[in-house]
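The structure appears below as structure tokens.
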Amino acid sequence: MAVPKKKTSKSKRDKRRATWRHKAAVEAQKAISLGKSILSGRSKFVYPTDEEEETEES
């Protein structure tokens, strides 16, 4: 069984977790922003519906 040779310091652990949480927060903010723009009608982004996909494939 593999065992780490030395204990990881709390600062390294906390730095990794902070980076991970920051990336998640940025992605969540992008999703919220996209949702707001779709609801307000200012966004040109549209999810394809099943009907649109069928007409494109035919």
Side-chain angles (χ1 to χ4, degrees):
M1 184 167 82
V3 177
K5 293 186 177 177
K6 293 186 178 180
K7 182 178 179 180
T8 303
S9 69
K10 289 180 182 178
S11 63
K12 280 188 178 181
R13 179 200 66 195
D14 292 345
K15 190 186 302 184
R16 280 195 213 105
R17 288 183 182 175
T19 301
W20 183 83
R21 287 185 177 126
H22 178 71
K23 286 181 180 180
V26 168
E27 290 300 316
Q29 185 60 43
K30 285 181 186 177
I32 292 290
S33 177
L34 177 61
K36 284 181 179 179
S37 66
I38 289 173
L39 285 174
S40 69
R42 290 187 292 160
S43 176
K44 293 184 170 95
F45 177 82
V46 179
Y47 284 104
T49 60
D50 291 338
E51 296 170 1
E52 290 177 1
E53 290 175 359
E54 290 173 3
T55 56
E56 290 175 4
E57 292 174 1
S58 301

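Worth saying up front: this structure is predicted, and the values here are computed from it rather than measured.
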Discussion item. Testing the basics here: between Thr8 and Arg16, what is the closest heavy-atom pair and its distance to 0.1 Å?
Written reply: CG2-NH1, 3.8 Å
Hey, could you give me the [atom1]/[atom2] distance between [X] and [Y], rounded to the nearest 0.5 Å?
X	Y	atom1	atom2	result
Lys7	Lys12	NZ	NZ	13.5 Å
Lys30	Glu27	NZ	CD	4.5 Å
Lys36	Leu39	NZ	CG	10.0 Å

Item to complete: Mark yes or no for whether Ser33, through its side chain, and Gln29, through its backbone, hold a donor-acceptor pair below 3.5 Å.
Response: no
